[in-house]
Amino acid sequence: ELAKIFNMTEKELCNYCEQNNITFLAADKENARQIRKTEITDNFSKKIGSFSALEDSEILLLTGDISGFSDVKGEVVGKNGKKYLKTEVKTKDRGGEYLLTQYVTVENSVKTVLSFYTAKDVSTDYIEKVFSSESGSKTLALKVIVALGIALFSAFALAILALIIKDTFFKKQV
């Protein structure tokens, strides 16, 4: 489904994600809202080590370097003991105008960027919900695991129920 939304083959999409260090990618059917999580170890992340070791003002001084945009302002937000640099930038590409909201952190010399691409005139309410759930991929994985657990438990319960009914039915006929 995702490959269709991006007008790519599955192989092209996998290659794109691998080449761009994308560990999670999601989009709505209209591609009006997109979430990307990238994780990379580079010279910057090795040098910084961890945002937690920096003062907020030091992180803010690096906003342009971290975001890749020269005239962007950012704010430092905390979540679960981690510091994130949050930036928002209005930009456009061949797909049209959009708002790019990013949360960047560095932990254990790994730079993690959670990026939200939202088309012009589309609600950004989803961003805070996804960010507050720590990361989109962990939330999705947890939902899948819970759904599989419920399905397996239900199948097991139905099998036990069928055995009880079978045993009860056959005992009455004997």
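Atoms considered below: every heavy atom in the structure, side chains included; atoms not considered: hydrogens, waters and symmetry mates. Quick note: residue numbers are just sequence positions, from 1.
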Please tell me whether [X] and [Y] are part of a single hydrophobic cluster in this structure, the criterion being side-chain heavy atoms less than 4.5 Å apart.
X: Val113; Y: Val130; answer: no
X: Val106; Y: Tyr84; answer: no
X: Leu62; Y: Val72; answer: no
X: Leu60; Y: Ile48; answer: yes
X: Phe131; Y: Leu85; answer: no

Nearest-0.5 Å distance that lies between atom [atom1] in [X] and atom [atom2] in [Y]:
X: Ile66; Y: Leu61; atom1: CD1; atom2: CG; value: 10.0 Å
X: Tyr117; Y: Thr101; atom1: OH; atom2: OG1; value: 10.5 Å
X: Lys79; Y: Lys86; atom1: NZ; atom2: NZ; value: 13.5 Å
X: Tyr103; Y: Lys37; atom1: OH; atom2: NZ; value: 14.5 Å

Contact between Leu13 and Leu2 at the side-chain level, heavy atoms closer than 4.5 Å - yes or no? yes
Any heavy-atom pair between the side chains of Tyr98 and Thr91 that's under 4.5 Å?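 Yes, their side chains come closer than 4.5 Å.
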Could you please spell out the steps behind the side chain to side chain contact (heavy atoms under 4.5 Å, CB included) verdict for Leu99 and Glu88? CA-CA 7 Å; Leu99 176 67; Glu88 290 185 336; 4.2 Å; yes
Residues in ring-ring contact (aromatic ring centres under 6.0 Å, His included) contact with Phe44, at least two apart in sequence or another chain: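 Residues passing ring-ring contact (aromatic ring centres under 6.0 Å, His included) with Phe44: none at all.
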Restricting to ring-ring contact (aromatic ring centres under 6.0 Å, His included), what partner residues turn up for Phe51, sequence neighbours left out? none
Partner set under side chain to side chain contact (heavy atoms under 4.5 Å, CB included) for [X], not counting sequence neighbours:
X: Val110; answer: Glu39, Thr41, Thr112
X: Ile164; answer: Ile160, Thr168
X: Cys14; answer: none

Salt bridge (Lys or Arg N to Asp or Glu O under 4.0 Å) with Lys4: which residues, sequence neighbours excluded?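 By the salt bridge (Lys or Arg N to Asp or Glu O under 4.0 Å) rule, Lys4 matches Glu1.
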Taking only residues two or more places apart in sequence or in another chain, which ones pass salt bridge (Lys or Arg N to Asp or Glu O under 4.0 Å) with Arg33?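 For Arg33 the salt bridge (Lys or Arg N to Asp or Glu O under 4.0 Å) partners, ignoring immediate neighbours, are Asp28.
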Minimum-distance pair of heavy atoms, taken over all atoms of Ser45 and Ser109: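 What the structure gives for the nearest pair is OG-O, 2.8 Å.
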Qualifying residues under side-chain hydrogen bond (donor to acceptor under 3.5 Å, both in side chains), relative to [X], sequence neighbours excluded:
X: Glu58; result: none
X: Asp56; result: Lys83
X: Ser115; result: Gln102
X: Gln34; result: Asn31, Arg36

Here's a test for you: under side-chain contact (heavy atoms from CB on, under 4.5 Å), which of Leu25, Leu114, Ile127, Thr118 qualifies with Ile35?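 Answer after filtering Leu25, Leu114, Ile127, Thr118: Leu114.
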Residue pairs involving residues 100-125 (criterion salt bridge (Lys or Arg N to Asp or Glu O under 4.0 Å); sequence neighbours excluded): Asp42-Lys111, Glu97-Lys120
Does Phe6 have its ring centroid less than 6.0 Å away from the ring centroid of Tyr16? no
